[in-house]
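Notes follow the structure.
Below, chain A is the first sequence line, B the second, and so on; all start at residue 1.
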Number of protein chains: 2
Amino acid sequence: MTTTTDARERLVATAQELFAAQGVGPTSPRQVLAASGVGQGSLYHHFPTKHDLAVAAVGATVDEALTAARRDLEAGGPALERVIGYVRRPREALAGCKVGRLTSDQAVMDDDGLRDVVTAYFVRLLDAVTATLRDAGLPEAEARDRAHTAVAVVQGGYVLARATGDPEAMRAAVRGFVAMLKETP
Amino acid sequence: MTTTTDARERLVATAQELFAAQGVGPTSPRQVLAASGVGQGSLYHHFPTKHDLAVAAVGATVDEALTAARRDLEAGGPALERVIGYVRRPREALAGCKVGRLTSDQAVMDDDGLRDVVTAYFVRLLDAVTATLRDAGLPEAEARDRAHTAVAVVQGGYVLARATGDPEAMRAAVRGFVAMLKETP
DNA sequence: GTCTATAAAGTGATAGAC
DNA sequence: GTCTATCACTTTATAGAC
């Protein structure tokens, strides 16, 4: 590996930022070129097609998101508190979820490879939350349902915040959920 | 009004379908032309720009969605049961919410007029659910938070269903929410 | 491994005949 | 009110020099 390899890394990092800001479909290879500072032929050397660049960038974003979630869910303290810590974690609500938003990105959902990356993220996230709720003493079926509710509240919170233009909308959704969660043993 | 006015109606109906299927940004006026069967100059006669067509189509979709929600929330029966009826209503989970998906559509969020239509929908929807939960006996603050949670569960349910490719994911999120709602007076 | 130049197709929009 | 033809621009991608 030569030192020029970091052109590839800069391309992936730039693509991640642009994808998060405006989606995969609306982001052109040209924009990635301009924002990253690498040359035109250079991009197509490392990533022959937009698909290849997208797989690398979306894969990296998903890895980061899953790592953050597991950090919350496998922290110290009672299992229920760890789930509450996960849903309460401060988020850039107005930006939307970097992974969740991809589910309405046609360029992603029409691409088998990309869609699979998004699917794997949510399957693993739901499994992790379910396992934590099971640790909290819930029976399997209730743990699975409530894990879906928890993740849905976060994803829906992003939608409400973006729709209303107010980050408080997400916090209200989380507050309502946590209040109910604490009252239902 | 001449009978030729229905060219306009066909354009709006076709745009609604295409927007729901693939989003506003990725839908070109050309596609709307082809799918609706009207001529090229005809579209630009009724809607000088894509923005104008989008405002008409998104406005119609929002009106339909709000009407459906109010039908659930203002039905007969106890207030709490009406909220449960709203979140439980069968939905095309894999298609995504026709309005909620617009919050990650850059073509919508970058357009002041379109974004305002989406904002108004969610503000009104949240107000309607909040009012119903107040009728159910909840204090104002709790009613507002729980209304946000309810709408977030539906929106997040769509995200989970699309992400996992399984409509059951949305039903699980709703089941978890309803179970908690019934246990917390 | 990176560059410039360019191709083929699609985009939103306009012109002007009918 | 509707038509065909066309414009200026952007898209993804390739060619071939360095």
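The interatomic distance linking H45(A) (NE2) with dG16(D) (C1') rounds to 16 Å, in whole Å. When the C1' atom of dT2(C) is taken as reference, atom CG of L43(A) falls 12 Å away, rounded to whole Å. As a whole-Å value, the separation of L53(B) CG from dT11(C) P is 14 Å.
With respect to the salt-bridge test (charged N to carboxylate O, under 4.0 angstrom), the residues E74(B) and R82(B) do not qualify. Residues E142(A) and R134(A) are not paired through a salt bridge, judged by the lack of any N-O separation under 4.0 Å between the basic side chain and the carboxylate. With respect to D127(A) and R144(A), a salt bridge is recorded, a charged nitrogen being found less than 4.0 Å from a carboxylate O.
Contacts with DNA chain D (heavy atom under 4.0 Å) in residues 107-118 of chain A: none are found.
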Task: Contact state string [nucleotides 7-14 of chain D, B base, S sugar-phosphate only, - no protein heavy atom under 4.0 Å] - done: ----BBBB
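Within a 6.0 Å sphere centred on CD of E92(A), heavy atoms belonging to other residues, nucleotides or ligands number 12 at most.
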Which donor-acceptor pairs under 3.5 Å do side chains of residues 30-38 of chain B form with protein atoms, sequence neighbours excluded?
{"residue": "Q31(B)", "atom": "OE1", "partner": "Q22(B)", "partner atom": "NE2", "Å": "3.0"}
{"residue": "Q31(B)", "atom": "OE1", "partner": "S28(B)", "partner atom": "N", "Å": "3.1"}
{"residue": "S36(B)", "atom": "OG", "partner": "V32(B)", "partner atom": "O", "Å": "2.8"}
{"residue": "S36(B)", "atom": "OG", "partner": "L33(B)", "partner atom": "O", "Å": "3.2"}
{"residue": "S36(B)", "atom": "OG", "partner": "V38(B)", "partner atom": "N", "Å": "3.4"}

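For the pair R70(B) and Y121(B), the cation-pi test (distance below 6.0 Å, angle within 45°) is failed.
Atom CE of M170(B) sits about 7.5 Å away from atom CD of Q155(B), to the nearest 0.5 Å.
Under a 3.5 Å cut-off, the side chain of K50(B) and the backbone N or O of V24(B) do form a donor-acceptor pair.
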